[in-house]
Amino acid sequence: MAEAIDTDHLPRGDGAVLLANATLPSAVTAGILNHIGDGLGRADILIDKGEIAAIAPCGELIDHDGAARIDLDGGLVLPGMVDMHTHLDKGHIWARRPNPDGTFSGALEAVRSDREAHWSADDVRRRMAFALQCAHAQGTVLMRTHLDSIPPQDAISWDVFKDVRRDWADRIDLQASALFGVDSLEDPAFLPAIADRVAEAGGVLGAVTFMIDGLETHVEAMFRAAESRGLALDFHVDETADPNADSLRIIAETAIRTRFSGQVVCGHCCSLARQSDAAVDQTLDLVARAGIGVVSLPLCNMYLMDRLSGRTPRWRGVTLLHEMKARGIPVAVASDNTRDPFYAYGDLDMVEVYAQAVRILHLDHPSGDWIRAATSTPAALLGDGTRGRIDVGSPADLLVFRARNWNELIARPGGARTVLRGGRAISRTLPDYRELDDLMGT
Ligand SMILES: [Zn+2]
């Protein structure tokens, strides 16, 4: 992986370093920038004792005592990335359980059979660790994973998650949300049991919502279970082309009616893009009023939606991020699945996700503050407003690129990049797929 700067020039230990002539996105930077257009500005960044010590106009900090000076020559600097919707428990099973036809129903069945056959604690733990190595090397600092939580898998995966969260605490802040079909609530014993498990693990309550009889009752039960335990909520919502799927509206109405005090996140919301303008307006007004955040998963959605064998897809599968943002709804993009039946590809690289999101969702011309969707907005939705920003006093967790502007970054997202954690360059070596061969039966 090509580095953006000569990491041999970085000081060892806590020594200070001046990153001179950096290009920074003003939307996520607290400091004085010389604005150069399209949401970007130039500044020097002083790093001392692993923290961002100063951000100042170019040239002002040049005499800082003993700081090594690295001229970025306009290289772009981004904060450590935030990936708020992943599936680490499903990840990297493609080699043993591909999706036979690439469809959503094919994915559901393939994952179910793989889970029942293979998801021991050791299997889940090793694939999670592999995935986290990828995310860390790419520059992700904060992540939420969903965990399939149908018994008996819930007991296995939540215990593994707690171990993995502890093992990785010095590199990635990891959160987990429960995942199950909302029809699981037809068993009255199910919800209290999983909500207690989630609360005990410090997790988030979540489900897949789809249009079944009694959906309103089930959604309200989830809000009440979350409220009574102080949990946030994270739903998989309307991941379908069917315009009649409007569980997003039901979730928003329930949040308002129950005066829910926690953060609610809704992922996917694909069907919204298939509804009438009047229906969209009504639902988005409710979503804004309810304070719900929305995360789009553009790589996975474009892979799964509108897929029929032998027929070219006719729509992109993504939800209405521009319309949501215009209403003040917090919007984010994230990885979703990686190398599993829901998405055959992906490497937990939020720079790739952002670059693809820009292309798929037209987050450009101007780029403006859209970078918030991969940094500060998901951080806030995950309850950590200090992440996803470049602030004086924060850890120097930064991505440094040779690319000097949005165009150069989006055109070549795999271009030269250095990842700094606490001001030090980390290894960008990605784990080899061969490490998982024994789990794949190959
Ligand atoms: Zn998902």
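Small disclaimer: the values here were computed from a predicted structure and weren't measured. Both ligands and their constituent atoms are indexed starting at 1 by order of listing. Numbering of residues begins at 1 and proceeds along the displayed sequence.
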For a distance under 2.8 Å, tell me if H236 has an N/O/S atom near the Zn ion (ligand 1). yes
Provide the atom name of the closest N, O or S atom of D336 relative to the Zn ion (ligand 1).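 The atom in question is OD1.
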Please calculate the NE2(H87)-the Zn ion (ligand 1)-NE2(H85) angle and round it to 10 degrees.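 It comes to 110°.
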Would you please say whether a donor-acceptor pair under 3.5 Å links the side chains of W158 and S149? yes
List the steps, then state whether side-chain hydrogen bond (donor to acceptor under 3.5 Å, both in side chains) holds for S271 with D242. CA-CA 6 Å; S271 66; D242 180 359; over 6 Å; no
Aromatic centroids of W370 and H362 separated by under 6.0 Å: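 Centroid distance H362-W370: not below 6.0 Å, so no.
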In terms of relative ring orientation, are F342 and F104 parallel, tilted or perpendicular, with 30° and 60° separating the classes?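 Ring orientation, 0 to 90° scale: perpendicular.
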